[in-house]
Amino acid sequence: MTAIIKAVKLEKTYRDEIETIALRGLDFSVEKGEFISIMGPSGSGKSTLLHILGFLDRLTGGDYLFEEKSMNDYSDEGLAQVRNEKMGFIFQAFNLLPRTSVLENVKLPLLYSDVKESLWDEMALKAIDSVGMSHRKDYEPAHLSGGEKQRIAIARALVNNPSVIFADEPTGNLDSKSGSQVMEILEKLHIEGHTIILVTHETYTAEYAHRLIKIKDGLIEVDQIVEQKHKHQNGFFK
Amino acid sequence: MHIKYTVKTAFRGLTINKMRSFLTLLGIVIGITAIILIMSLGQGAQNLILSQIQSMGPKVIAIAPGRQPQGITDMLSTFTDSLKEKDVAELQKKNNVPHLAEIMPIVFGSQTAVYENEAYRPTILGVTGLFTKIYNIYPSEGRIFTDEEVKGYADVVIVGSKVKDQLFGNDSALGQRIKIKGKNFRIIGIFPKTGQVSFLNFDDIAIIPYTTAQQYIFGIKYFNRIVVEADSEENVNRTVNDIKITLRNNHNISDSSKDDFFVETQAEALKMVSSITDIFTLFLAAIAAISLFVGGIGIMNIMLVSVTERTREIGLRKALGATGKNILIQFLLEAIMLTTMGGIIGIALGIFLSFIVSFILGHYLALVWQFSIPVLAIILGLGIATLIGLVFGIYPARKASRKSPMEALRYE
Ligand SMILES: Nc1ncnc2c1ncn2[C@@H]1O[C@H](COP(=O)(O)OP(=O)(O)OP(=O)(O)O)[C@@H](O)[C@H]1O
Ligand SMILES: [Mg+2]
């Protein structure tokens with residue numbers, strides 16, 4: 001099997017007024033279909049790593065290959081296209097557009113894609129249905145609970161049927177019940193064949209993954225296979 | 001990106017802050033309103049000037065006392081007594097002004113006219129029977145006075161339609177007597193409703209022989225104007241020269257800068273009118289330019305604020321696959337939609353104001369004024385509004401498009 005993601009001595013230094021070295025040379029690769037959780041103390045570089053893996057930010061050293069092509073070989077437009085077609089993002093802060101219906105929010109990635117407009121509604125409704133939110137498709141985000149918002153954000157992340165889904169603390173703003181619901185959905189997506197990379201603080205969410213990468217001070221501290229505690233039998237999608 | 005969604009997205013951006021968007025538009029609205037007014041009223045003024053030339057004829061030359069007024073506020077300079085009966089006599093001599101066809105002295109002023117219990121204050125013009133020919137206006141009832149009546153200080157009057165209406169209502173006025181400054185005048189003619197022609201509202205006049213006017217009404221021995229008609233249009237300039245030479249001789253003036261009269265042809269009078277409309281146009285154009293510029297800066301400012309406020313939205317869109325170009329178009333379109341909306345409001349307001357102005361000019365000042373909105377004005381107004389959106393929207397839009405997705409998402 002070929003690696004969908006391959007980091008080679010990946011480095012990132014922020015150069016503002018002060019220099020911050022966030023990543024100090026990371027080596028790892030991810031196979032298609034893996035479910036990986038990234039953990040580590042605050043400020044250790046988890047979000048930074050996720051942003052680079054998700055083509056949201058450029059690296060400053062080493063190399064990063066997505067589907068065996070180096071990130072450095074892409075123009076900004078090229079990165080945007082890959083993000084649009086092959087990547088899905090879920091953020092801690094949901095980042096739904098206010099005063100815009102659930103349906104329109106989920107359609108957002110399609111606006112920037114080559115998908116025919118006549119298919120948009122159907123694809124968006126399917127994605128909304130798969131997170132169990134069909135009954136709220138005409139709501140505005142302001143009228144949804146946190147857990148519901150995050151499920152909509154997930155629907156938006158998967159509307160383009162991306163190969164990799166990046167999630168940065170998707171349960172960070174949720175109570176454990178809605179957090180579990182979100183994790184059940186991610187697990188279902190994993191079963192359907194999506195590669196999932198999850199940054200998290202909480203152990204209970206990390207346990208959905210089968211591989212754990214621990215980061216500390218911009219370096220990989222642990223990279224190990226873990227046993228999945230949740231064998232997707234406990235309920236939400238039955 | 002698909003047009004429909006691009007427009008929808010831009011429109012959503014605007015509706016988020018409806019009041020703010022609207023207030024930003026004021027400069028654009030005022031600017032475009034001014035442009036519409038310039039073009040619409042300019043057209044009206046031009047129509048007016050053309051109709052004046054047609055009604056008075058280009059052969060008419062006016063002589064006024066005093067020096068040439070230095071602009072519209074200097075009219076007082078014409079209130080002197082330098083034009084006398086003797087000047088008329090000299091000008092009439094064939095060897096002095098060979099191409100003079102007609103000559104008519106004028107005295108004028110306001111006086112109250114009374115009929116039974118009704119009183120009205122028209123403009124009293126003391127003239128001769130040539131008045132009808134020179135101004136191309138003839139009584140619809142009755143007649144104009146004869147040369148004998150002028151020579152004989154006759155107490156006869158021809159009134160304008162409004163004067164008749166004010167004093168007599170629907171009753172017949174012909175043959176009735178009205179009192180002007182205590183003296184009885186017999187109405188021998190009534191002018192039809194005509195409106196404003198060359199600084200004079202013909203509905204609001206009462207004309208009497210100039211002899212009577214000088215002697216009994218105004219108590220003066222001079223003229224306020226002498227009107228001359230040349231025998232042909234080609235001879236107008238020559239006749240003007242002859243008049244000047246004759247009057248200078250008659251007034252013992254050797255230096256033309258010391259003239260105590262001035263001669264104006266119809267063409268020059270119209271030039272003066274158009275110079276006033278030019279000043280007006282320039283004034284409005286300056287307002288338009290300034291407010292459009294200020295409005296444009298306002299648009300730029302509000303778009304910059306909007307770009308900053310929506311940093312997260314921009315980041316999100318980019319994360320989901322929007323390119324810099326997508327974002328640029330979105331914000332540029334917002335700016336253009338904003339200014340175009342201002343343009344549409346400005347055009348509507350301009351049409352409305354222009355209608356009001358032409359209504360006032362036509363109704364209260366009795367000018368022969370035509371309300372018209374040139375299509376070009378509307379196209380120009382929309383074009384300029386769009387251009388302003390483009391010019392002042394490009395910088396904020398570029399700024400938005402350059403935000404990196406990660407930075408934008410981290411923004412708080
Ligand atoms: N845009 C930036 N400019 C400068 N420094 C930054 C920037 N973003 C992150 N950093 C720094 O990089 C380091 C890693 O930040 P990062 O957000 O990746 O941490 P994290 O592991 O996600 O932390 P948390 O668990 O609190 O979210 C921190 O020291 C942070 O201050
Ligand atoms: Mg983080």
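In what follows, chains carry the letters A, B, and so on, assigned in the order in which the sequence lines appear, proteins first and then strands, with residues in each chain numbered from 1.
Using a 4.5 Å cut-off between heavy atoms, A:E85 does not touch chain B at all. For A:V115, the part sitting under 4.5 Å from any heavy atom of chain B is the backbone (N, CA, C, O) and nothing else. For chain B, no part of A:R58 is nearby; none of its heavy atoms comes within less than 4.5 Å. Heavy atoms of A:D76 lying under 4.5 Å from chain B are absent altogether.
Around atom CG of A:D73, more than 12 heavy atoms belonging to other residues, nucleotides or ligands sit under 6.0 Å away. Under a cut-off of 6.0 angstrom, the local environment of CZ in B:F22 is sparse, with at most 12 non-hydrogen atoms contributed by other residues, nucleotides or ligands. The 12-atom threshold is not exceeded at OH of A:Y139, counting heavy atoms of other residues, nucleotides or ligands nearer than 6.0 Å. Within a 6.0 Å radius of CZ in B:R398, no more than 12 heavy atoms belonging to other residues, nucleotides or ligands are found.
By the 4.5 Å heavy-atom criterion applied to side chains, B:K325 and A:E77 are not counted as neighbours. A:E104 has its side chain within reach of B:K8: a pair of non-hydrogen atoms, C-beta onward, lies under 4.5 Å apart. A:L108 has its side chain within reach of B:L316: a pair of non-hydrogen atoms, C-beta onward, lies under 4.5 Å apart.
Contact detail for B:A319 and A:F91: the closest heavy-atom pair is CB-CZ, 4.2 Å. The nearest pair of heavy atoms linking A:L56 to B:M406 is O-CB, 3.3 Å. Closest approach of B:A322 and A:A80 over heavy atoms only: O-CB, 3.9 Å.
Considering CG of B:L320 and CG of A:L110, their distance stands at 10.0 Å, rounded to 0.5 Å.
By the ring pair (Phe, Tyr, Trp, His ring centres under 6.0 Å) test, A:Y14 is found to be paired with no residue, residues two or more places apart in sequence or in another chain being considered.
Of the possible polar contacts, one joining the A:R83 side chain to the B:K318 backbone as a donor-acceptor pair under 3.5 Å is found.
In terms of non-hydrogen atom pairs under 4.5 Å with chain B, the most contact-rich of A:D114, A:T100, A:N95 is A:N95.
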Check against side chain to side chain contact (heavy atoms under 4.5 Å, CB included), A:H51 and B:R410: CA-CA 11 Å; A:H51 288 151; B:R410 273 188 195 260; 3.8 Å; yes
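For residues 148-169 of chain A, the set of pairs meeting the ring-ring contact (aromatic ring centres under 6.0 Å, His included) definition, not counting sequence neighbours, comprises A:F89-A:F166.
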